[in-house]
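The next block holds one structure in the form of structure tokens; read it before the comments.
What you are looking at is a predicted structure, and each value in this text was computed from that prediction instead of being measured.
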Amino acid sequence: LPLRLTQQPWSLLYCTTRDGFSLKTMYRRMNHLSSPVLLLIRDTEAQAFGAFCTSTIRMSNCFYGTGETFLFSFSPELKVFTWTGRNSFFMKGDMDLLMIGGGSGKFGLWLDGDLYHGGSHPCETFNNEPLSPQEEFCIQALEVWGLA
């Protein structure tokens, strides 16, 4: 995490086990907040990965975020994929899709509207490897933590 946030308290903003599987609900749980967030995903293959986002996840007509945004995976060891500077396609969301990182029609991480399915592909924003062994995966659990 950026040094300025390492001592900040964490709060659970959204959790599929508590709040259900719905991108719309996830947006609603973060409405009116502006803190950085940590998105954590465990897929049905027990892989763990996610993203650090410099602002709250929200619906938007265009990409937003800053160069502090990054993707990460824990399989088999921690790998962090930081901003390359090639584009500013950090985050964008609508009712059907959340995208983090992009370029050439590929997204570093995407989640569908029901939060059951997602995918991860190499993208220009982060020059990342796929975060899950399967480029398209099923979500077992998802959490979003606010750092404020």
Side-chain angles (χ1 to χ4, degrees), residues 1-6 8 10 12-16 21-31 33-148:
L1 296 174
L3 190 56
R4 65 186 170 80
L5 297 173
T6 57
Q8 294 296 319
W10 294 36
L12 184 61
L13 302 176
Y14 175 83
C15 174
T16 53
F21 284 79
S22 167
L23 186 57
K24 183 178 179 181
T25 301
M26 186 171 77
Y27 291 143
R28 190 171 47 250
R29 298 280 300 163
M30 288 181 264
N31 198 20
L33 298 174
S34 60
S35 66
V37 296
L38 194 61
L39 171 70
L40 302 170
I41 299 168
R42 186 175 58 240
D43 69 12
T44 54
E45 302 295 318
Q47 301 299 308
F49 49 91
F52 169 77
C53 308
T54 54
S55 60
T56 306
I57 298 169
R58 58 181 167 82
M59 288 196 300
S60 60
N61 292 324
C62 57
F63 282 89
Y64 65 95
T66 72
E68 286 184 316
T69 302
F70 61 85
L71 298 175
F72 60 89
S73 68
F74 289 110
S75 177
E77 73 277 341
L78 176 64
K79 292 184 180 179
V80 176
F81 304 98
T82 58
W83 182 41
T84 63
R86 292 186 198 154
N87 64 38
S88 297
F89 300 151
F90 300 112
M91 302 170 56
K92 183 179 179 193
D94 59 31
M95 294 304 286
D96 301 315
L97 190 64
L98 173 65
M99 301 154 277
I100 303 175
S104 301
K106 303 275 185 177
F107 301 110
L109 179 62
W110 63 266
L111 306 173
D112 70 2
D114 65 12
L115 293 184
Y116 285 124
H117 301 97
S120 177
H121 303 273
C123 75
E124 295 172 9
T125 310
F126 302 112
N127 192 33
N128 58 291
E129 302 168 1
L131 303 179
S132 174
Q134 312 296 323
E135 285 191 339
E136 294 193 11
F137 53 83
C138 293
I139 298 169
Q140 182 176 30
L142 182 147
E143 296 178 349
V144 180
W145 291 82
L147 294 93

query: What are the two closest non-hydrogen atoms of Ser35 and Gly146, and how far apart are they?
result: OG-CA, 4.0 Å

message: As an exercise, state the distance from CH2 of Trp145 to CG of Leu13, rounded to the nearest 0.5 Å.
response: 9.0 Å

- prompt: What are the two closest non-hydrogen atoms of Leu109 and Ala51, and how far apart are they?
  reply: CD2-CB, 4.5 Å

Approximate separation, where rounding is to 0.5 Å, of Lys79 NZ and Phe49 CZ: 14.0 Å

message: Using a 3.5 Å distance criterion without hydrogens, assess whether the side chain of Tyr27 forms a donor-acceptor pair with backbone atoms of Ser22.
response: no

Derivation and outcome, side-chain hydrogen bond (donor to acceptor under 3.5 Å, both in side chains), residues Asn127 and Thr84: CA-CA 7 Å; Asn127 192 33; Thr84 63; over 6 Å; no

statement: Residue set satisfying side-chain hydrogen bond (donor to acceptor under 3.5 Å, both in side chains) with Asn128, at least two apart, ordered chain then number -> none

- prompt: How about Tyr14 and Arg28: do any of their side-chain heavy atoms sit closer than 4.5 Å?
  reply: no

task: With the side chain counted from C-beta on, respond yes when Met26 and Leu98 share a heavy-atom pair under 4.5 Å apart, and no when they do not.
output: yes

query: Would you say the side-chain atoms of Thr66 pair up with the backbone N or O of Glu68, donor to acceptor, closer than 3.5 Å?
result: yes

task: With rounding to the nearest 0.5 Å, note down the distance linking CD in Gln134 to OG in Ser120.
output: 11.5 Å

- prompt: Should Leu131 and Ile41 count as side-chain neighbours, where that means a heavy-atom distance under 4.5 Å?
  reply: no

- request: Report yes if the side chains of Leu40 and Phe72 come closer than 4.5 Å at any heavy-atom pair, otherwise no.
  value: yes

query: Counting only N and O atoms by type, is there a donor-acceptor contact under 3.5 Å from the side chain of Arg42 to the main-chain atoms of Gln140?
result: no

query: With no hydrogens and no angle check, is any side-chain donor or acceptor of Thr16 less than 3.5 Å from a backbone partner on Leu142?
result: yes

message: Given 3.5 Å as the limit, does a donor-acceptor pair link the side chain of Thr125 with the main chain of Gly102, or not?
response: yes

- prompt: Got a second to check how far Phe63's CZ is from Met99's CE, nearest 0.5 Å?
  reply: 5.5 Å

Side chain proximity check, Val37 to Met30, heavy atoms < 4.5 angstrom: yes

task: Scan Phe107, Phe70, Trp83 and name whichever one has a ring pair (Phe, Tyr, Trp, His ring centres under 6.0 Å) with Phe90.
output: Trp83

message: Checking side-chain polar atoms at under 3.5 Å, does Ser104 have a donor or acceptor matched by the opposite partner on Glu124?
response: yes

query: At their closest point, which heavy atom of Glu135 faces which heavy atom of Pro130, and how far apart are they?
result: OE2-CG, 3.7 Å

message: Is any side-chain heavy atom of Glu45 closer than 4.5 Å to one of Ser132?
response: no

query: Is Asp114 close to Phe21 at the side-chain level, that is, under 4.5 Å between some pair of heavy atoms?
result: no

query: Can any side-chain N or O of Thr69 pair as donor or acceptor with the backbone N or O of Cys53 at less than 3.5 Å?
result: no

message: Checking the side chain of Thr56 only, and the main-chain atoms of Leu33 only, is there a donor and an acceptor separated by less than 3.5 Å?
response: yes

task: May I ask you to decide if Arg58's main-chain N or O and Tyr64's side chain share a donor-acceptor pair within less than 3.5 Å?
output: yes

task: Apply the side chain to side chain contact (heavy atoms under 4.5 Å, CB included) test between Leu111 and each candidate in Ile139, Ile57, Leu23, Leu97; give the one that qualifies.
output: Ile139

statement: With sequence neighbours left out, the residues meeting side-chain hydrogen bond (donor to acceptor under 3.5 Å, both in side chains) with Asp112 are His117

- prompt: CZ/Phe52 to OG1/Thr82 distance, rounded to the nearest 0.5 angstrom?
  reply: 12.5 Å

task: Could you grab the distance from atom SG of Cys15 to atom CD of Glu143, nearest 0.5 Å is fine?
output: 4.5 Å

- prompt: Are more than 12 heavy atoms from other residues, nucleotides or ligands located less than 6.0 Å from atom CG of Asn31?
  reply: yes

